[in-house]
There are 2 protein chains.
Amino acid sequence: MTKNLATEELADQLHSAAIRLLRLVRVQDAASGIAPARLSALSVIVFGGPISLRDLAKAEQVRPPTMSRIVDALETQGLARRRIDQKDRRAVLIAATKKGATLLKQGRKRRVKFLASYLSRLDRVELSLIADALGAIQRALQPR
Amino acid sequence: MTKNLATEELADQLHSAAIRLLRLVRVQDAASGIAPARLSALSVIVFGGPISLRDLAKAEQVRPPTMSRIVDALETQGLARRRIDQKDRRAVLIAATKKGATLLKQGRKRRVKFLASYLSRLDRVELSLIADALGAIQRALQPR
DNA sequence: GTCATCGATTAGCTATGCTAATTATTCTCT
DNA sequence: AGAGAATAATTAGCATAGCTAATCGATGAC
């Protein structure tokens, strides 16, 4: 049982680090001029490709009506477009426009560069410790 | 310059991992019955101790009026209490009640146990890779 | 002691979350 | 094939959470 306790302690620290990390980079999002929920949804469609409203809502952990309105706003801002799914005409497929993809990627870049500026405090050895851990973290977080 | 590019690549992966991690554990918060903004503010006062409304707003990256209403709700739910700062009677000090601290810690526990259940897929070696990286990550994220 | 400044709140707006109800399409089943 | 159930999205209406501007009381500067 000692092992389980140690795993929980590790989970706790990893969890706290993730919170602090995202709190830190979130400051950069103001520069994008897009509201947070819209930015987050846009990131799913930019990196994941066209997706139904239902699946997008699931990915963002919100209900379909909420996502419907967020997509309304993205369309109004010219960042995404709906089209009817010809395989199931009840459904709608949501895709990013070129403008949406560009904006999202710029914002992501700002966040990443900002985070990188913090990582640059570390020496070569510390950076490779992180690189080595990332594979394990990614594997652990796979959906089951 | 190769080094800077590598650091950015690392930052990108770390950033994505943090997003996925928090998206994963967030599902557990529904069980707490507390709205997200309130839960997040509560966590700051539980772990950081009494704090002024202004500083709490800063910590949560919101404006004072927003935080004032969140604290209203926390007080109504019996999770936090305001008291006047006797060193500066304009200011207010916000502290968690016992109930608030208990609830927050239970919620945190749920998140951490849930994350730990994912980490338990990893073997001893992978877990120590993460443990070794955490120190470096924590150091990098220190406010400057 | 007066006046500017500062912390918190109130008022009023927009955005984002929800459930319930509606509409259109698809699926099931005889 | 057609009736009815199930499903995808939207609309309506509510609560929560974000903002700025304006206000009130306490503090600080001079």
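Proteins come first, then strands; the chains are lettered A, B, ... in the order of their sequence lines, and each starts at number 1.
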Taking NZ, NE, NH1 and NH2 as the nitrogens, is one of them in [X] or [Y] under 4.0 Å from a carboxylate oxygen of the other?
{"X": "A/E126", "Y": "A/R121", "value": "no"}
{"X": "A/E60", "Y": "B/R23", "value": "yes"}
{"X": "B/R82", "Y": "B/D72", "value": "yes"}
{"X": "B/R81", "Y": "B/E75", "value": "no"}

Spell out, yes or no, whether [X] and [Y] are grouped together once hydrophobic residues are joined by side-chain heavy atoms under 4.5 Å, including indirect joins.
{"X": "A/V44", "Y": "A/L93", "result": "no"}
{"X": "A/I130", "Y": "A/L22", "result": "yes"}
{"X": "B/I94", "Y": "B/F47", "result": "yes"}

Separation of [N] [atom2] from [X] [atom1] (nearest whole Å):
{"X": "B/R63", "N": "C/dC6", "atom1": "CZ", "atom2": "P", "value": "15 Å"}
{"X": "B/L39", "N": "D/dT16", "atom1": "CG", "atom2": "P", "value": "15 Å"}
{"X": "A/R38", "N": "C/dT16", "atom1": "CZ", "atom2": "C1'", "value": "9 Å"}

Rounding to 10 degrees, work out the angle separating the end axes of the helix from C/dG1-D/dC30 to C/dT30-D/dA1 (five pairs an end).
->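 Result, rounded to 10 degrees: 30°.
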
Say whether B/S43 and B/R38, considering side chains only, have a donor N or O and an acceptor N or O under 3.5 Å apart.
->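 Side-chain D/A pair, B/S43 to B/R38: absent.
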
Report yes or no: do A/E9 and A/Q13 form a side-chain donor-acceptor pair below 3.5 Å?
->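 Indeed, the side chains of A/E9 and A/Q13 share at least one donor-acceptor pair under 3.5 Å.
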
Summary of salt bridge (charged side-chain N to carboxylate O under 4.0 Å, His left out) pairs that have at least one residue in residues 10-20 of chain B, sequence neighbours excluded =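 Matches after skipping sequence neighbours: none remain.
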
Phosphate oxygens OP1/OP2 of C/dC18: is one of them under 4.0 Å from a side-chain N or O of A/T66?
->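 So the side-chain polar atoms of A/T66 do come within 4.0 Å of the phosphate oxygens OP1 or OP2 of C/dC18, strictly under.
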
Taking DNA chain C as the partner, which of residues 49-59 of chain B come within under 4.0 angstrom of it by heavy atom?
->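 The answer is B/S52, B/L53, B/R54.
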
Hey, can you pull the residues of residues 67-78 of chain B with a non-hydrogen atom under 4.0 angstrom from DNA chain C?
->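 B/S68, in order of number.
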
If the sugar-phosphate is the primed atoms plus P, OP1 and OP2 and the base is the rest, what is the B/S/- string for nucleotides 21-29 of chain D, using protein heavy atoms under 4.0 Å?
-> B---BBS--

Could you go step by step and tell me if A/L115 and B/E8 meet the side chain to side chain contact (heavy atoms under 4.5 Å, CB included) rule?
-> CA-CA 8 Å; A/L115 177 56; B/E8 264 189 43; over 6 Å; no

Please report the C-alpha distance between A/T102 and A/T97 in whole Å, then the side-chain angles of each, then the deciding distance to 0.1 Å, and finally whether the side chain to side chain contact (heavy atoms under 4.5 Å, CB included) criterion is met.
-> CA-CA 9 Å; A/T102 302; A/T97 61; over 6 Å; no

With sequence neighbours excluded, give me every side chain to side chain donor-acceptor pair (under 3.5 Å) pair touching residues 84-96 of chain A.
->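 Checked against side chain to side chain donor-acceptor pair (under 3.5 Å) - neighbours excluded - the pairs reaching residues 84-96 of chain A are A/D88-A/R90.
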
